[in-house]
Amino acid sequence: MNSPSTSSGNASYLMALDAGTGSIRAVIFSLEGQQIAVGQAEWQHNPLADVPGSMEFDLHKNWQLTCQCIRQALAAANLPASAIAAVAACSMREGIVLYDKSGEPLWACANVDSRASREVSELKEIHHGEFEREAYLHSGQTLALGAMPRLLWLAHHRPDIYRRAATLTMISDWLAYMLTGELAVDPSNAGTTGMLSLETRNWHPELLELAGLRADILSPVLETGTRLGGSFWQQVVNLPRPVTDPQMNIRINPHVIPGMAQAECISFFTGLTMRWFRDAFCSEEKLLAERLGVDTYSLLEEMAARVPAGSWGVMPIFSDAMHFKNWYHAAPSFINLSIDPQKCNKQTLFRALEENAAIVSACNLDLIAEFSGVNASSLVFAGGGSKGKLWSQILSDVTGKPVKVPQVKEATALGCAIAAGVAAGLYRSLAETGEALVRWEREYQPNAAHHEGYMAQKTHWQAVYADQLTLVDSGLTTSMWKAPGL
């Protein structure tokens, strides 16, 4: 999220590049925090045929898509490039990029790449099986999604790449590098490598040395908002100081503001699940939405709003609540279907998916509150999902908390743009500017009757999900995703 600057005397806009799991977005903001235009392109991260669990990040193609989005956003805003005062980048957690000594990108993988299963198991055995706990206490990260097992996999299987690697960054830093030619990482994202200290906000090379890995590939760490060249459904709770979870269920990341930390939970593949449902089953709705000039998801929400709360008892089985140390998921399925077409149809399944995402979020928030003592009085719902009024109300009903939706839904991109503005000297600080620029569009209050019903549904879902995991354990069904090393 470090901020490459393209300052101009007349420049009065900021751009954020947001590289998510499913798409890349270029978003333009005014200095007052208003979203002016967006360019977006969906992308895919393809596995290698002979490497189970691999998820390659196509550096060449994805840079072309990024440039396409930048041009699209500038054209939509009717702005020249010189109008952009600063640019910053943010990206999916865990995605890493390696470079050779000349700065040429060599290799990259996306966030949930799980090829390094054997290497995770090997690392867990170091220090009589205590290496992972030691790494978690320092970094807030478990091994499964970190960089160390992937580097070890490269050493075992692609020694040519491992030997040539001179620098490591996150995907967001790669975007900044492509714009500026300078390599550095910021703590809030580089923390997900599992190689950064929560306390010092700098690399902890002793962990690499214990793992038998090279520690000479660590790029400079610069705080968010530092100038360069001139930076799933996710639940995040701000913590006043770094603290880790004794059960290692929750990921702890450095906050962009020094001294603070973030407890992060993930509902796995929520956006991709919605896209799958839309593309696999809703071709008629997509055509109708195109003719009406509306978004397909908006049309599906209108249909789902007529389905009673609880979706006739249908339970989606996709993402589990987060169990960071030993995380895997059941086989994707819908449980408790009926053959009544008036009750079991597309709108019911769509509503059930929205309800399920909210239930998983509620479970994750419970886990955070249990070890941190931080229990939020209200929630902020941002990102693409917050555009849906039904989903926002469901989230409030399930959690029993007021839900605020900001005017700017691209909250990650806005935060990224603020970082660019701080780096360019247009704002004084991240915290102060965030308070000043975030404005609320609407707020939802929980329906008490619906909340009571959802609490019962949440308990039932947890029991059913645990039962579905036993089918995976028995080899009868295939896990949607399993962390390497399990």
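Around CZ of R164, the count of heavy atoms belonging to other residues, nucleotides or ligands within 6.0 Å does not exceed 12. Within 6.0 Å of CD on Q44 lie no more than 12 heavy atoms contributed by other residues, nucleotides or ligands. Within 6.0 Å of the CD atom in E452, the count of heavy atoms belonging to other residues, nucleotides or ligands does not exceed 12. Atom CD of E370 is surrounded by 12 or fewer heavy atoms from other residues, nucleotides or ligands within 6.0 Å.
Between M455 and H451 there is a side-chain heavy-atom pair separated by less than 4.5 Å. Two residues are said to be in side-chain contact when any heavy atoms from C-beta on lie closer than 4.5 Å; V97 and M170 fail this criterion. A heavy-atom distance below 4.5 Å is found between the side chains of R351 and I394. P149 is listed as a side-chain neighbour of L123, based on a closest heavy-atom distance under 4.5 Å. Side-chain contact between N356 and M315 is absent, with no heavy atoms from C-beta onward closer than 4.5 Å. Between L210 and E134, some side-chain heavy-atom pair lies under the 4.5 Å cut-off. Residues F350 and Y297 form a side-chain contact, since some pair of their non-hydrogen atoms from C-beta on lies under 4.5 Å apart. Using a 4.5 Å heavy-atom cutoff, the side chains of R251 and D245 are not in contact.
Looking only at atom types and distance, the side chain of N111 has a donor-acceptor partner in the side chain of T21 under 3.5 Å away. When only modelled atom types and interatomic distance are considered, N326 and K482 share no side-chain donor-acceptor pair under 3.5 Å. For the residue pair N189/S91, the side-chain donor-acceptor check at 3.5 Å is satisfied. No side-chain N or O of S361 forms a donor-acceptor pair with one of N364 less than 3.5 Å apart. In the model, Q235 has a side-chain atom that pairs as donor or acceptor with a side-chain atom of S267 under 3.5 Å.
Contact between C69 and A41 at its shortest, heavy atoms only, is SG-N, 3.4 Å. Residues T478 and V472 come closest through the heavy atom pair C-CG2, 4.4 Å. Annotation for I359 and W461: closest pair CG2-CE3, 4.0 Å, computed over non-hydrogen atoms. H329 approaches L469 most closely through the heavy-atom pair C-CD2, 3.7 Å. Across every non-hydrogen atom of C282 and K346, the tightest pair is SG-CD, 4.1 Å. Minimum heavy-atom separation, S219 to A184: CB-CA, 4.4 Å.
Ion pairing between E223 and R201 holds under the 4.0 Å rule for side-chain N and carboxylate O. Taking a cutoff of 4.0 Å between a charged side-chain nitrogen and a carboxylate oxygen, R278 and E285 do not qualify as a salt bridge. Using a 4.0 Å cut-off between a side-chain N of Lys or Arg and a carboxylate O of Asp or Glu, R93 and E264 qualify as a salt bridge. One finds no salt bridge joining K61 and E56 here, because no Lys/Arg side-chain nitrogen approaches an Asp/Glu carboxylate oxygen to under 4.0 Å. A salt bridge links E410 and R25; the closest N-O separation between the charged side-chain nitrogens and carboxylate oxygens is under 4.0 Å.
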#### Entry: E301 vs W391, side-chain contact (heavy atoms from CB on, under 4.5 Å): CA-CA, chis, key distance, verdict
CA-CA 8 Å; E301 274 216 332; W391 214 349; 3.4 Å; yes

### Query
Which is it for D186 and D173 under the side-chain contact (heavy atoms from CB on, under 4.5 Å) test, yes or no, and what are the steps along the way?
CA-CA 8 Å; D186 86 280; D173 310 306; 4.3 Å; yes

### Query
Is there a side-chain contact (heavy atoms from CB on, under 4.5 Å) between M55 and V112 once you walk through the steps?
CA-CA 7 Å; M55 186 178 275; V112 291; 3.5 Å; yes

### Full working for side-chain hydrogen bond (donor to acceptor under 3.5 Å, both in side chains) between T200 and N202
CA-CA 5 Å; T200 67; N202 208 332; 5.9 Å; no

#### Entry: Intermediate values then yes/no, side-chain contact (heavy atoms from CB on, under 4.5 Å), K401 and S396
CA-CA 5 Å; K401 300 178 185 294; S396 180; 5.9 Å; no

### Task
Could you give me the CA-CA distance, side-chain angles and deciding distance for D113 and S54, then say whether side-chain hydrogen bond (donor to acceptor under 3.5 Å, both in side chains) is met?
CA-CA 5 Å; D113 179 280; S54 59; 5.2 Å; no

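In this pair, H450 and Y454 present their aromatic rings perpendicular. The plane angle is above 60°, beyond the 30 to 60° band.
Of the residues Q457, Q347, E355, the one that meets the side-chain hydrogen bond (donor to acceptor under 3.5 Å, both in side chains) test with S311 is E355. The only member of Y465, F334, F269 that meets ring-ring contact (aromatic ring centres under 6.0 Å, His included) when paired with F318 is F334.
The closest donor-acceptor contact from the side chain of S333 to the backbone of I335 lies at 3.5 Å or more, if one exists at all. Formation of a donor-acceptor pair under 3.5 Å by the D397 side chain with backbone atoms of P446 is not found in this model. Panel note: side chain R275, backbone G22; a donor-acceptor pair is recorded below 3.5 Å. Looking at W43, its side chain does come within 3.5 Å of a backbone N or O of G20 through a donor-acceptor pair. Side-chain atoms of T192 come within 3.5 Å of backbone atoms of E94 as a donor-acceptor pair (strictly under, hydrogens ignored). No donor-acceptor distance shorter than 3.5 angstrom exists from the side chain of T226 to the backbone of L222, with no hydrogens or angles considered. No donor-acceptor pair closer than 3.5 Å links the side chain of R214 to the backbone N or O of A166. The backbone N or O of I257 sits less than 3.5 Å from a side-chain atom of H255, completing a donor-acceptor pair. No donor-acceptor pair under 3.5 Å is formed between the side chain of E42 and the backbone N or O of S23. Looking only at distances, no side-chain donor or acceptor of S474 sits under 3.5 Å from a matching main-chain atom of L471.
Applying the side chain to side chain donor-acceptor pair (under 3.5 Å) test to K286 and every residue at least two apart in sequence or in another chain returns D279.
Atom CG of D160 and atom CG of L154 lie 9.0 Å apart (nearest 0.5 Å). The structure places CG of L218 at 8.0 Å from OG1 of T193, a figure rounded to the nearest 0.5 Å. In this structure, the separation between CG on L168 and CG on D216 is 11.0 Å, given to the nearest 0.5 Å. Here the OH-CD distance, from Y444 to Q393, works out to 7.5 Å after rounding to the nearest 0.5 Å. Atom CG of residue N62 and atom CD of residue Q64 lie 9.0 Å apart, to the nearest 0.5 angstrom. To the nearest 0.5 Å, atom CD1 of residue I250 and atom CD1 of residue I368 are 5.0 Å apart.
Within the 6.0 Å centre-distance limit, the rings of W174 and F57 are counted as a close aromatic pair. For Y99 and Y177, the ring centers sit closer than 6.0 Å to each other. Ring pair W327/F268: centre-to-centre distance below 6.0 Å.
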